[in-house]
Amino acid sequence: MVTEVALLLSVALLVTIIAAIFSKSISVTVIMLFYASLVLGVIFTIYQAVVVGLLHITMFAGAMSVMLMTVVLMTGESKLDIGNRKLAALLATITILIVAASSYSLFSGASSLPQSPSQSTEGILAFVWMFRPWDLLILVIIFAAAMIGVVNLLSKEERA
Amino acid sequence: MITDQTVFATTATILFFLGLFSMFYSRNLLKTIISFQIVVFGANLALFSSGLGHASNLMANTLVLFSIVVGASVEAVALALIVLVHRAYGTLDPWKIKRLRH
């Protein structure tokens, strides 16, 4: 039952990403990317990582989608050229098949991250987890810097 | 036996390589940034799936948090650079930009 949910969410994620990659219109790409961010956030949230899921949705489905839309409107780029679409689709299908087969055989028997990290590693991780608001602060600073850069650029153009 | 971890790890790998493929194949800088975002999604899902099935997946959650912060920051700066490039050259096609520079 749980695996069915995982399969369903994974298929939804893959479908939205493939639609985003192969769509001709940039607005469709941005919308599909928004849905993909939402699905990934839901995956994190369902599997007990609520903070990570909410941060992911806020960051990618919220802030990054708005920033992408802003850039699209500012640059006026509406069409996305991906070259020969049939060839691209064929190559992507082959990539998916090869990667799916190899990664399944790789991950089905492989061990994951160590179950009990060493005490020093655990201490560092606990410290990082305790001060996770700093991550948000860094994000806000970088977003503000990027926005100030763009505004400065536009104001220079208006003056010229 | 298919587990959630296997499903998510496989999906993450597909996402990563699809993003990488699209990044190299696209002829638009905006599309390259979108592909980079897909690669980040793949990396996030791979990190997250590595922590599934354990009582405490603090390590995986912390790494995903870091990955989200780094990915979003890089993307924000790259989008600002794209606006700059568009103002300077009037196009987002890397080949045209390369020609215009000479």
Peer 1: Measure across B:Phe41 and A:Ser37 and return the closest heavy-atom pair with its distance rounded to 0.1 Å.
Peer 2: CZ-OG, 3.3 Å
Peer 1: Over 60° means perpendicular and under 30° means parallel, so tell me whether B:Phe48 and A:Tyr47 are parallel, tilted or perpendicular.
Peer 2: perpendicular
Peer 1: Could you give the distance from CE (A:Met74) to CD1 (B:Ile82), rounded to the nearest 0.5 Å?
Peer 2: 11.5 Å
Peer 1: Side-chain heavy atoms under 4.5 angstrom apart, residues restricted to Ile, Leu, Val, Met, Phe, Trp, Tyr: same cluster for A:Leu68 and B:Val83?
Peer 2: yes
Peer 1: Any side-chain heavy-atom pair from B:Ile38 and A:Leu33 closer than 4.5 angstrom?
Peer 2: yes
Peer 1: Are B:Leu65 and B:Val39 in one and the same hydrophobic cluster, where Ile, Leu, Val, Met, Phe, Trp and Tyr link if side-chain heavy atoms are under 4.5 Å apart?
Peer 2: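 Linked within one cluster.
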Peer 1: Quick one: are B:Leu45 and A:Leu13 in side-chain contact, heavy atoms under 4.5 Å?
Peer 2: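 The answer is yes; the side chains approach within 4.5 Å.
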Peer 1: According to a 4.5 Å side-chain heavy-atom criterion applied to Ile, Leu, Val, Met, Phe, Trp and Tyr, with indirect links allowed, do A:Val42 and A:Met32 form part of one hydrophobic cluster?
Peer 2: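 The answer is no; the residues belong to distinct hydrophobic clusters.
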Peer 1: Between A:Ala6 and B:Asp4, which heavy-atom pair has the shortest distance, and what is it?
Peer 2: CB-OD1, 3.6 Å
Peer 1: State, to 0.1 Å, how close B:Phe8 and A:Ile43 come at their nearest heavy-atom pair, and which atoms those are.
Peer 2: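 Minimum heavy-atom contact is CZ-CG2, 3.6 Å.
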Peer 1: List, by chain and number, the other hydrophobic cluster members for A:Leu8, where Ile, Leu, Val, Met, Phe, Trp and Tyr join if side-chain heavy atoms come within less than 4.5 Å, directly or indirectly.
Peer 2: none
Peer 1: Rounded to the nearest 0.5 Å, what's the gap from OG on B:Ser73 to CE on A:Met59? Could you check?
Peer 2: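 Output value for this atom pair is 8.5 Å.
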Peer 1: State plainly whether one hydrophobic cluster holds both B:Phe24 and A:Ile21, where clusters connect Ile, Leu, Val, Met, Phe, Trp and Tyr through side-chain heavy atoms under 4.5 angstrom apart.
Peer 2: yes
Peer 1: Any side-chain heavy-atom pair from A:Val51 and B:Asn61 closer than 4.5 angstrom?
Peer 2: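 A side-chain contact under 4.5 Å is absent here.
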Peer 1: Rounded to the nearest 0.5 Å, what separates atom CD1 in A:Ile17 from atom CG in B:Leu15?
Peer 2: 5.5 Å
Peer 1: Hey, could you give me the CE/CD1 distance between A:Met64 and B:Ile68, rounded to the nearest 0.5 Å?
Peer 2: 12.5 Å
Peer 1: Hey, could you give me the OG1/CG distance between B:Thr6 and A:Leu7, rounded to the nearest 0.5 Å?
Peer 2: 10.0 Å
Peer 1: Pair A:Val72, B:Leu30 - check side-chain contact (heavy atoms from CB on, under 4.5 Å), show working.
Peer 2: CA-CA 8 Å; A:Val72 169; B:Leu30 208 56; 3.5 Å; yes
Peer 1: Quick one: of A:Ile18, A:Val30, A:Leu14, A:Leu9, who has the most non-hydrogen atom pairs under 4.5 Å with chain B?
Peer 2: A:Leu14
Peer 1: Quick one: pull up OG1 in A:Thr75 and CG in B:Leu29 and give me the separation to the nearest 0.5 Å.
Peer 2: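 Rounded to the nearest 0.5 Å, the OG1-CG separation comes to 10.0 Å.
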Peer 1: Around atom CZ of B:Phe36, are there more than 12 heavy atoms from other residues, nucleotides or ligands closer than 6.0 Å?
Peer 2: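 More than 12 heavy atoms, drawn from other residues, nucleotides or ligands, come within 6.0 Å of this atom.
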Peer 1: Does any part of the side chain of A:Val71, heavy atoms only, come nearer than 4.5 Å to the side chain of B:His86, both counted from C-beta?
Peer 2: no
Peer 1: Would A:Phe44 end up clustered with A:Tyr35 when hydrophobic side chains under 4.5 Å apart are linked, directly or stepwise?
Peer 2: no
